[in-house]
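By convention here, the first residue in the shown sequence is residue 1. Counting starts at 1 for both ligands and their atoms, in listed order. Keep in mind it's a predicted model, so treat the numbers as computed, not measured.
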Amino acid sequence: MNSRRDFLQKIGVSALALHLAPLAGWANNTTNNEKTYDGKVLRVAIMGLGSYGTRVAEAMQSCTKAKLVGVISGTPSKVKAWQSKYGIPEKNCYNYENFDNIKNNPDIDAVYVITPNGLHHDQVIRVAKAGKHAISEKPMSVNAQQGQEMVDACKKAGVKLLVGYRMHFEPKTLEVIRMRQAGEFGKIMFFQGQCGFTIGDPTQWRLNKQLAGGGAMMDIGIYAINGSRYMTGEEPIWVTAQETKTDHEKFKEGVDETIQFQFGFPSGAVASCLSTYNMNNLDRFFLDGDKGFAELQPSTGYGPIQGRTHKGELTQPITTHQTVQMDEFAGIIFDNKKPVVPVDGEEAVKDLKIIDAIYQAVKTGKKVDIKLS
Ligand code: NAD
């Protein structure tokens with residue numbers, strides 16, 4: 001194992017980072033810079049200045065339609081560092097106790113919640129009550145009931161709720177979706193999603209049931225769940241699932257290490273997926289139809305995504321996912337723009353219902369029906 005990977009695993013960064021090309025390198029490849037943009041800019045405050053929050057902040061420097069203007073953090077030293085790095089004024093800085101006051105701040109449109117999963121529910125509801133649009137990281141919460149409460153709270157407050165599904169804007173992913181919609185793969189028969197990495201530090205929040213809501217499924221398995229839906233274009237109607245746990249000390253009760261799960265779709269197509277915190281080199285989607293196939297590997301890492309179909313290599317441009325996502329979010333929030341694959345709270349509740357069903361299938365050993373509407 002190389003030292004970079006050692007380091008990332010020690011600090012608890014997901015394996016997605018392992019596919020990372022240097023950020024500066026990607027910036028040159030970013031394609032969505034529309035230099036003439038003079039429309040409304042989405043002014044965003046980031047809550048949770050951790051590893052992914054930092055990545056989003058860096059990527060937002062290349063946005064044209066969104067701008068980082070505020071922070072919410074419990075660590076004053078981080079706030080100071082971000083203020084000087086990104087030119088954030090004192091009046092746009094909050095902590096976890098006082099951020100409800102953001103309701104009185106006309107210079108912030110949206111709050112991007114990038115904290116541990118188990119905190120998203122309460123924090124997003126507070127953001128909604130403060131009258132600001134809410135962006136939540138995935139998983140949106142730790143079960144479908146909480147997710148629905150978040151959707152309801154945002155609806156009641158008249159604000160939008162979006163989720164950081166960055167793959168929904170990724171060019172090679174979108175090309176596979178376009179080809180599938182155009183019938184180029186024929187009748188879809190099978191999807192395979194493999195998502196995992198070997199997690200490090202046993203004391204990190206990702207291995208704490210209260211903060212993570214579960215284990216690998218919440219963090220990385222969700223990519224296979226969401227991917228199985230946008231790759232096949234169908235919603236699963238049943239699931240079977242099996243859990244394997246080799247380390248009961250590290251992966252305590254309620255924190256899954258490895259789960260294999262299978263879906264059935266209305267058309268008769270099936271999916272076979274793996275979610276794990278105990279294996280590396282797993283970031284692959286495979287879609288099979290009776291006229292062709294698509295393979296993405298890496299399929300959900302930060303980039304570059306690579307893939308091929310029965311017609312050859314996919315050559316769509318490499319983008320910085322978080323830059324494109326935030327620019328697209330501005331269009332969705334201000335102009336009701338409709339993305340190819342939804343990124344709203346309802347979309348996230350579907351993933352959470354499926355996660356609930358997977359955990360139930362593991363617990364009961366039975367095939368569980370899934371009802372998403
Ligand atoms: P992290 O541990 O690096 O950062 C979490 C931040 O939350 C830290 O700044 C920490 O101080 C803060 N925090 C606030 N209250 C806390 C508490 N009670 N306990 C622990 N930390 C607390 O984690 P991360 O990797 O940045 O993940 C944050 C969220 O972003 C998670 O929901 C994760 O699933 C998501 N994420 C998404 C992607 C993606 O590609 N979309 C990638 C990584 C992480």
- Query: Does Tyr165 come within less than 4.0 Å of ligand 1, judged by its heavy atoms?
  - Reply: no

- Message: Does only the side chain of Arg166 get under 4.0 Å from ligand 1, or the backbone, or both, or neither? Count heavy atoms.
- Response: side chain

- Can you see which heavy atom on Ile135 is nearest to which on Phe329, and at what distance? CG2-CE2, 3.6 Å

- Message: Between ligand 1 and Tyr223, can you find any atom pair, the residue atom being a heavy atom, that is separated by under 4.0 Å?
- Response: yes

- Message: At under 4.0 Å between heavy atoms, is it the side chain or the backbone of Gln325 that contacts ligand 1, or both, or neither?
- Response: neither

- Query: Going by the order shown, which atoms of ligand 1 are within less than 4.0 Å of some heavy atom of His120?
  - Reply: 32 (O)

- Would you mind finding which of Tyr112, Tyr96, Trp205 brings a heavy atom closest to atom 12 (C) of ligand 1? Tyr96

- Message: If I apply the N/O under 3.5 Å rule, does Gln322 come out as touching ligand 1?
- Response: no

- Message: Among residues at least two apart in sequence or on other chains, which ones pass ring-ring contact (aromatic ring centres under 6.0 Å, His included) with His121?
- Response: none

- Item | Identity of the nearest option to atom 13 (N) of ligand 1, non-hydrogen atoms only, from Gly118, Gly48, Pro116 | Pro116

- Message: Determine whether a donor-acceptor pair (N or O, by modelled atom type, separation under 3.5 Å) exists between the side chain of His120 and the backbone of Pro139.
- Response: yes

- Message: Please confirm whether Gly164 approaches ligand 1 to less than 4.0 Å, judged on its heavy atoms.
- Response: yes

- Start with the C-alpha distance between Met217 and Tyr359, add both sets of side-chain angles, then the distance that settles side-chain contact (heavy atoms from CB on, under 4.5 Å), and finish with yes or no. CA-CA 9 Å; Met217 184 61 65; Tyr359 284 144; 3.4 Å; yes

- With a 4.0 Å cut-off on heavy atoms, does Met218 reach ligand 1? no

- Query: If hydrogens are left out, which of Met47, Lys78, Lys138, Gln204 has an atom nearest to atom 11 (O) of ligand 1, that is, the closest non-hydrogen atom?
  - Reply: Lys78

- Message: Heavy atom to atom 15 (N) of ligand 1, shortest distance: which of Leu119, Asn208, Leu49 holds it?
- Response: Leu119

- Item | Nitrogen or oxygen atoms of Thr75 and ligand 1 under 3.5 Å apart | no

- Check whether more than 12 heavy atoms from other residues, nucleotides or ligands sit under 6.0 Å from atom CG of Asp38, and answer yes or no. no

- Query: Which is closest to atom 19 (N) of ligand 1 in terms of heavy atoms, Leu211, Thr115, Val113, Ile72?
  - Reply: Leu211

- Query: For residues 362-373, which residue pairs qualify under side chain to side chain donor-acceptor pair (under 3.5 Å), counting only residues two or more places apart or in two chains?
  - Reply: none

